[in-house]
2 protein chains.
Amino acid sequence: MNGKRPARVTIKDIAHEAGVSYSTVSRVLNHYEHVNPVKRQRVWSAVTRLGYVVNQQARSLAGGHTRIIGLLVPELGNPYIGEVIRGVDEALASAQYDLLLYTTHRQKTRESTFVKALTHGMAEGLLLLVPTEPQAYAESLCQEEFPYVVIDHQGFDDYSPTVIGKNYEAAVNATRYLIELGHRRIGFIHGLRHLGSAIERFRGYRQTLEAYNIPFAPELVVDGDFLQWPGYLATKQLLEVADPPTAIFASNDLSAFGAMDAVRERGLTIPGDISILGFDDIPQSASVRPGLTTVRQPLAEMGQIAVRMLLSYIENPQHPRERIEVNTPLIIRDSCAPPAPRRKA
Amino acid sequence: MNGKRPARVTIKDIAHEAGVSYSTVSRVLNHYEHVNPVKRQRVWSAVTRLGYVVNQQARSLAGGHTRIIGLLVPELGNPYIGEVIRGVDEALASAQYDLLLYTTHRQKTRESTFVKALTHGMAEGLLLLVPTEPQAYAESLCQEEFPYVVIDHQGFDDYSPTVIGKNYEAAVNATRYLIELGHRRIGFIHGLRHLGSAIERFRGYRQTLEAYNIPFAPELVVDGDFLQWPGYLATKQLLEVADPPTAIFASNDLSAFGAMDAVRERGLTIPGDISILGFDDIPQSASVRPGLTTVRQPLAEMGQIAVRMLLSYIENPQHPRERIEVNTPLIIRDSCAPPAPRRKA
DNA sequence: GCACAACTTGAAAACGTTTGCAAAATAAAT
DNA sequence: ATTTATTTTGCAAACGTTTTCAAGTTGTGC
């Protein structure tokens with residue numbers, strides 16, 4: 001640092017205080033087994049007495065571990081992402097790791113420079129949350145044998161360890177639920193077109209319609225970009241359609257909120273006039289009125305699982321890479337109901 | 001690391017490749033002025049040719065800088081916090097700093113162990129977002145002369161550099177706005193009682209009522225804890241009052257959303273029957289229907305300012321510590337209107 | 001040409017750890 | 001008592017930088 005900090009307490013000070021060599025101190029600190037219990041005791045008490053804190057820089061330079069893992073997220077301020085980070089953070093904290101957070105703001109360049117920096121010494125592992133350009137570095141990560149895990153990205157390759165929800169299945173369930181409530185005209189608010197999860201959800205929606213012999217109506221599919229405002233606009237468009245939908249399946253909760261706004265603005269009620277179903281189950285979805293019926297992605301849990309996977313790869317580089325699919329159950333609240341009997345025009 | 005990584009490219013390799021001593025390479029990398037342009041050129045080309053990336057651990061160990069700053073937040077998944085982090089992240093990225101993120105989950109122990117770790121080598125500076133127990137470490141930070149900035153915490157001391165909104169003034173403005181719309185019964189949803197900002201906002205509300213000779217009604221003040229669900233519950237309570245409020249001033253947007261839910265559930269309209277006013281102006285507030293009239297805190301900007309302050313303290317330890325108050329204007333949208341003519345009971 | 005300043009450079013000493021190696025101490029086996 | 005294994009220790013060499021120091025170079029004014 002700059003303004004010369006008050007002399008640090010180092011391992012040597014501890015050694016002196018405890019009357020042992022500094023290598024012994026290091027061994028105690030790292031929980032080596034072959035060390036005299038008496039000295040071990042003396043070292044620990046010296047440590048607390050002097051308030052020693054290990055210098056991570058030095059430790060990692062000398063070949064130890066940084067106990068830092070990097071997390072790459074597209075943006076912040078999205079509750080979906082917030083939840084995942086929360087899970088990551090929890091799992092990491094309990095494993096005594098620190099979290100280096102990077103935001104790409106969907107800029108490709110930032111993603112790759114970041115990964116470069118990380119893999120060169122700073123972090124021991126890497127978590128990628130719905131990366132925009134995964135191919136760009138997945139390969140380099142892989143060949144450098146740098147531990148990483150991808151969260152919520154439909155496999156862009158076969159070798160990347162991944163934790164992901166069952167997007168297709170969940171979309172099938174959700175659509176089926178609406179159909180069995182009696183809906184035939186079901187609007188669909190599509191997520192970001194280039195994300196695999198959005199595509200899978202749409203696939204589930206479309207194929208379920210077909211399975212029930214309900215004709216697919218292209219005019220009932222609109223873009224919501226996974227955001228509230230676009231979801232609102234999309235829904236306004238949906239409500240203009242000649243034979244408007246009696247239910248709307250939004251690709252995520254945020255766009256479902258937008259849909260709610262549009263429906264209400266129109267003077268219609270939820271679920272009386274129109275049912276709305278979301279995806280994610282972000283915390284708000286439970287506290288909004290009416291409670292949003294939605295597909296639950298265990299976001300925080302996904303973050304935790306990703307951390308566990310990552311740590312196991314770090315500890316044991318031979319550990320076989322996995323792809324874990326978490327369950328995504330339908331959470332039934334108050335925003336869906338059978339369609340109202342058709343009104344006169 | 002563990003699984004021996006393919007031999008790193010070090011400064012010595014560059015030196016060899018460029019035919020200079022490694023001290024010279026270091027000088028080039030650190031933009032020293034007195035170095036032969038020819039050699040400088042040779043070094044840079046060697047750097048790109050070999051794909052050299054500096055080892056931050058070694059750099060900082062040798063007395064350089066870590067280019068990491070720590071950010072301590074109470075939790076994630078709150079859009080308010082997300083916005084601040086976004087600002088911090090942006091400013092940091094453009095200054096080429098990395099962000100170490102810690103979440104306390106309001107556990108006191110975590111706050112202090114974290115600060116301890118940080119100040120001992122990892123980070124060059126520290127950002128504290130609405131800390132729960134600031135006293136615990138503000139003092140130690142201060143006496144260690146470790147650079148830090150507190151965001152959005154009403155001064156718990158006189159010496160901590162702070163960036164904060166004008167909570168009192170803004171609350172006065174907001175309350176006055178409601179009064180001038182014609183409201184006399186104004187409900188207040190209180191924020192977390194132990195946070196200075198919540199207290200200030202309440203003070204502004206109460207004093208403005210008095211200034212207008214409107215009797216303060218304790219039954220119109222309820223707790224919302226800055227969260228949506230508690231805000232919802234609080235509002236239900238407010239609506240039960242004998243002479244219910246015609247407007248509600250919520251201490252933040254999240255609890256304002258809860259209020260909206262409760263009002264709607266009651267079958268009332270916003271702002272027709274009841275006006276609602278929030279605080280923060282989180283992104284959602286613009287996209288919710290009706291648009292929420294609210295006090296805007298420039299959250300992202302506050303994050304950026306905090307970073308700028310922090311970096312200037314890091315660069316120049318003599319830099320006088322400041323307390324910066326940002327403006328918090330009232331953003332008028334659609335959730336407030338004059339009170340409806342009183343109905344019959 | 002000379003003295004002196006300013007610019008360039010390389011060698012070497014930190015920075016605070018971990019860890020391989022070999023010596024010392026202890027325990028176990030003969 | 002002597003050898004042989006096993007623990008337990010300290011020394012010293014990394015790890016990859018920055019930075020001080022002093023030596024070498026070049027340039028300037030006389």
Side-chain angles (χ1 to χ4, degrees), chain A residues 1-43 46-47 50-68 117 119-122 124, chain B residues 1-43 46-47 50-68 117 119-122 124:
Chain A
M1 313 285 138
N2 236 344
K4 55 179 79 72
R5 194 142 282 75
R8 275 182 139 290
V9 177
T10 81
I11 209 177
K12 294 192 180 179
D13 300 324
I14 302 296
H16 185 255
E17 177 86 4
V20 299
S21 79
Y22 62 91
S23 359
T24 300
V25 175
S26 172
R27 283 190 267 260
V28 171
L29 260 30
N30 290 287
H31 302 105
Y32 264 56
E33 42 187 348
H34 298 314
V35 58
N36 184 331
V38 177
K39 295 193 178 179
R40 182 194 305 278
Q41 176 51 44
R42 285 220 304 272
V43 168
V47 163
L50 272 53
Y52 168 81
V53 178
V54 68
N55 179 329
Q56 294 291 359
Q57 331 292 323
R59 165 173 284 180
S60 69
L61 181 57
H65 303 264
T66 61
R67 296 203 83 83
I68 291 183
T119 56
H120 282 261
M122 197 72 92
E124 293 188 61
Chain B
M1 314 287 139
N2 232 343
K4 55 179 79 73
R5 196 141 283 73
R8 275 182 139 289
V9 177
T10 81
I11 209 178
K12 295 194 179 179
D13 299 323
I14 301 295
H16 185 255
E17 177 86 1
V20 300
S21 81
Y22 63 91
S23 353
T24 301
V25 175
S26 173
R27 283 190 268 259
V28 170
L29 259 31
N30 290 288
H31 304 286
Y32 265 57
E33 41 187 346
H34 299 312
V35 60
N36 185 332
V38 178
K39 294 193 177 180
R40 183 196 304 278
Q41 176 52 43
R42 285 221 304 272
V43 168
V47 163
L50 272 54
Y52 168 81
V53 178
V54 67
N55 180 329
Q56 293 290 359
Q57 330 292 323
R59 166 173 285 181
S60 69
L61 180 57
H65 303 264
T66 61
R67 295 202 83 81
I68 292 183
T119 57
H120 283 262
M122 197 72 93
E124 293 189 60

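Below, chain A is the first sequence line, B the second, and so on; all start at residue 1. Keep in mind that what you see is a predicted model, and the values were worked out from it rather than measured.
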Original post:
Side-chain contact, heavy-atom cut-off 4.5 Å: B:Y52 with B:L29?
Top reply: yes

Subject >> Distance, rounded to the nearest Å, where B:N55 contributes CG and D:dG16 contributes C1' >> reply: 6 Å

Original post:
For DNA chain D, what residues of residues 21-40 of chain B have any heavy atom nearer than 4.0 Å?
Top reply: B:Y22, B:S23, B:S26, B:R27, B:N30

Subject >> Integer-rounded Å distance: D:dA14 P and B:K12 NZ >> reply: 10 Å

Original post:
Can a side chain N or O of B:R59 be found less than 4.0 Å away from OP1 or OP2 on D:dT18?
Top reply: yes

**OP:** Provide, to the nearest angstrom, the distance between the CG atom belonging to A:L61 and the C1' atom belonging to D:dT17.
**Re:** 8 Å

Original post:
How about A:D13 and A:L50: do any of their side-chain heavy atoms sit closer than 4.5 Å?
Top reply: yes

**OP:** Using atom CZ of A:R67 as one end and atom P of C:dT18 as the other, report the distance to the nearest whole Å.
**Re:** 12 Å

Subject >> B:Q56 CD to C:dC15 C1', straight-line distance once rounded to whole Å >> reply: 15 Å

Original post:
How long is the span from the CD atom in A:Q41 to the CG atom in A:N36, to the nearest 0.5 Å?
Top reply: 11.0 Å

Original post:
Do A:I11 and A:R59 have side-chain heavy atoms sitting under 4.5 Å apart?
Top reply: no

Original post:
About how many Å separate CD of B:Q56 and CD1 of B:I68, when rounded to the nearest 0.5 Å?
Top reply: 7.0 Å

Subject >> side chain to side chain contact (heavy atoms under 4.5 Å, CB included) evaluation trace for B:T10 with B:N55 >> reply: CA-CA 8 Å; B:T10 81; B:N55 180 329; over 6 Å; no

Subject >> Distance in angstrom units between A:M122 CE and D:dT17 P, rounded >> reply: 13 Å

Original post:
How long is the gap from CZ on A:R67 to OG on A:S60, to the nearest 0.5 Å?
Top reply: 12.5 Å

Original post:
Taking atom P of D:dG16 as reference, at what distance in whole Å does atom NE2 of B:H65 sit?
Top reply: 21 Å

**OP:** Would you check if the side chain of B:R42 reaches a backbone N or O of B:A18 as a donor-acceptor pair within less than 3.5 Å?
**Re:** yes

Original post:
Over how many whole Å does the gap from B:Q57 atom CD to C:dT18 atom P extend?
Top reply: 13 Å

Original post:
Given axes from five pairs at either end, by how many degrees does the helix from C:dG1-D:dC30 to C:dT30-D:dA1 bend, rounded to 10°?
Top reply: 40°

Original post:
Do B:V20 and B:V43 come within less than 4.5 Å of each other through their side chains, counting heavy atoms only?
Top reply: yes

